[in-house]
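To start, the structure under review is shown below, and the notes come after it.
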Amino acid sequence: MTQTTTTPVAADPWADPETSNKMAIKALILLLITFILGTLCLQGFNLVFNQVGEDVGAPAQASLITAFPSLVLGIVCFIYGSLGDFVSLKRLVVAGLITLLVGSLFGFVANFFFTANIWTVIIARVLQTAGEQVAGSVFLVIATKYLKPSLKVIFFGLYTAAYQLSASIGVFAAGVLSSIAWQYLFLIPVVTIFFLPTLLKNLPGRQGGNEHVDWLGFTIFGFASAFLTLFFSYMAWWMLGVAVALFIIFAVYIHKAAKPFITPDFFKNTRWLAAISLILVFYFTNYCISPLFNAIGTSVYGMTTAQVSTYIVWAFVCAAVVGTSSGWIMGKIGRQAALITAAVLMVAGFVTAALAVNAGFLVLTLTACLFYCGVGLLYSPVVSTVIDTLPQSESGRGVGMNDLVMNVTASIGITVIGSLMGSQSLAGSSITGATGAAAGYANLLLIGAGVILLGLIVFLIFRKKIYSQN
């Protein structure tokens with residue numbers, strides 16, 4: 001009688017809650033560090049994009065260094081969030097870290113050893129952004145699916161704090177490196193490739209169902225948004241025409257496609273439309289404060305970017321502190337009151353900054369702290385408000401659309417403000433009493449205040465409709 005032996009099947013460690021919890025924590029720590037280093041680069045380049053634009057001979061298009069990566073960020077946030085439900089997280093992380101490494105090395109080599117060019121900077125930043133966001137998206141998927149409830153709150157809080165912390169470090173690092181060579185900013189995330197072996201040991205490798213990914217829809221929407229952003233930088237009307245045509249094609253496509261990434265029903269939900277308009281307005285100025293204050297410091301006060309960064313970094317620290325407490329604050333005063341308070345703080349920050357352009361950079365820093373306290377408080381109430389206008393079955397796509405709209409409107413905002421800042425078209429005089437270059441910056445700050453005030457007015461008009469079924 002022949003004895004047959006069977007090879008035992010290895011147990012899946014992710015099937016055991018205790019084991020999966022321990023492995024998840026190990027992976028989450030490295031993913032969080034990767035996310036911090038990637039976001040650090042984004043905020044660093046946001047501070048010095050005017051200097052980079054001058055160095056590469058394209059000052060008028062300098063804002064695209066921030067605009068395009070933020071546009072890509074919105075799109076990949078949606079894609080990665082969807083892919084995380086059914087594609088191997090190991091494969092996602094491998095692809096992301098390699099893309100991040102390629103973007104980092106390409107950006108440094110192409111702009112340090114060869115003649116720096118605006119488009120090699122933009123391409124490198126786009127690759128870095130697309131790569132680093134894998135870490136952020138996989139972090140959220142792991143924390144949601146594999147952590148026990150008592151730890152989920154802690155790690156979501158760490159994620160919020162990490163964004164603001166990386167912003168403050170990025171501003172400081174950019175200030176220091178700007179006096180040496182801004183190209184070194186590209187190299188900051190390179191170290192993350194060494195995390196790969198540990199991540200591969202502690203990430204789940206299995207795949208879920210055979211889900212459809214609407215690549216064509218993402219592509220059409222992405223190109224439409226890109227041409228809209230380019231229009232605000234170059235003011236070429238044919239670009240606006242292409243953007244409008246692509247948005248029309250996108251509207252037709254989502255009506256005809258079998259499984260579009262966003263359905264026409266989204267746009268028939270009037271509560272959602274009213275709520276998403278808040279993000280369109282409130283996040284328009286999201287990337288504007290750092291470059292504006294850097295420009296004021298260098299042109300009005302004769303400071304270096306390194307000196308400016310030592311002041312502005314405290315504004316991001318304030319945002320981190322308020323951001324991590326925003327859930328608690330919202331629980332105490334309510335969601336509507338928290339949103340109104342955030343908007344008032346942002347308007348007050350812009351207006352007081354406009355009035356204090358010539359009052360000293362320390363005073364200006366205090367106004368930036370005021371603004372960023374509002375930014376830190378805004379995220380939780382505005383996002384929860386938008387998500388609650390959608391049925392539970394559409395909440396995932398709702399989160400993705402929030403990311404898309406936040407980053408598209410911010411990329412257009414920095415393009416518009418950056419172009420006005422570079423042209424000095426608003427310089428000369430201001431109702432604040434400032435003159436010359438200082439007047440131009442005061443006027444831009446007042447425009448920022450007007451945009452946020454518009455968002456507050458929109459909220460006050462539509463809040464009964466937005467919260468009608470809550």
For this session: Could you tell me the separation between the CZ atom of Phe45 and the OG atom of Ser290, rounded to the nearest 0.5 Å?
Result: 14.5 Å
Exercise. To the nearest 0.5 Å, how far apart are CG in Leu101 and CG in Leu127?
Worked result: 11.0 Å
Exercise. Just checking, is any N or O donor in the side chain of Tyr467 or Thr389 under 3.5 Å from an acceptor N or O on the other one?
Worked result: no
For this session: Determine whether more than 12 heavy atoms belonging to other residues, nucleotides or ligands lie under 6.0 Å from atom CZ of Phe106.
Result: yes
For this session: Could you list the residues that satisfy side-chain contact (heavy atoms from CB on, under 4.5 Å) with Ile340, not counting sequence neighbours?
Result: Val344, Leu456, Phe459, Leu460, Arg463
For this session: Determine the interplanar angle of the Phe361 and Tyr301 rings, folded into 0 to 90°, and report it as parallel if under 30°, tilted if 30 to 60°, perpendicular if over 60°.
Result: perpendicular
Could you pull out all donor-acceptor pairs under 3.5 Å where a side-chain atom in residues 235-246 meets a protein atom, sequence neighbours excluded?
none

For this session: Only one of Leu378, Leu453, Val451 passes side-chain contact (heavy atoms from CB on, under 4.5 Å) with Met346; say which it is.
Result: Leu378
For this session: Measure the spacing between OG1 of Thr367 and CZ of Phe350 and express it to the nearest 0.5 Å.
Result: 10.0 Å
Exercise. Could you give the distance from CZ (Phe35) to CG (Leu28), rounded to the nearest 0.5 Å?
Worked result: 13.0 Å
For this session: Answer with yes or no after comparing the ring centroid distance for Phe316 and Tyr372 against a 6.0 Å cut-off, counting only values under it.
Result: yes
Exercise. Looking only at atom types and distance, does a side-chain atom of Arg271 sit under 3.5 Å from a main-chain N or O of Ile466, one as donor and one as acceptor?
Worked result: yes
Problem set entry | Those residues that, when tested against Tyr283, pass side chain to side chain donor-acceptor pair (under 3.5 Å) (two or more places apart) | none
